[in-house]
Amino acid sequence: IKKAEADAAYKIQEEDIAKLFPMLNGRQKEIDFLFRIAQTPQALRGVVNLFSNAYDNEDYSYEGLVAMAKYMDMEV
């Protein structure tokens, strides 16, 4: 299963992240950060969890995403 998850992570494109989070339209730094997370073992599930937590915290700026990723002990 781990290999399949890793293969799936590498198929995710940056534009996929932009489409999943339309409220980040024009915020390339945030999209780039989430895309890098998608390339880690956390994959897309980790990205969704991270964004959801940052959104609930009312701060999905780049700094808010980084702070939440650190809080969640995510591989960055």
Where [X] and [Y] come nearest, the two heavy atoms and their spacing:
{"X": "Ala18", "Y": "Ile31", "value": "CB-CD1, 3.9 Å"}
{"X": "Ile37", "Y": "Gly46", "value": "CG2-C, 4.4 Å"}
{"X": "Gln39", "Y": "Ile12", "value": "NE2-O, 3.5 Å"}
{"X": "Val47", "Y": "Phe21", "value": "CG1-CE1, 3.6 Å"}
{"X": "Leu50", "Y": "Ala69", "value": "CD1-N, 3.4 Å"}

Under the ring pair (Phe, Tyr, Trp, His ring centres under 6.0 Å) test, which residues partner [X], sequence neighbours left out?
{"X": "Phe33", "result": "Tyr62"}
{"X": "Tyr71", "result": "none"}
{"X": "Phe35", "result": "none"}

Working to the nearest 0.5 Å, report the span between CG of Asn57 and CE of Met68. 4.0 Å

To the nearest 0.5 Å, what is the distance between CG on Leu34 and CG on Leu44? 10.0 Å

Where at least one partner belongs to residues 54-68, residue pairs that pass salt bridge (Lys or Arg N to Asp or Glu O under 4.0 Å), sequence neighbours excluded: none

What salt bridge (Lys or Arg N to Asp or Glu O under 4.0 Å) pairs are there with at least one residue in residues 17-33, not counting sequence neighbours? Arg27-Glu30

Sidechain-backbone polar pair: Asp16 side chain, Gln13 backbone, donor-acceptor under 3.5 Å: yes

With the side chain counted from C-beta on, respond yes when Asn49 and Met72 share a heavy-atom pair under 4.5 Å apart, and no when they do not. yes

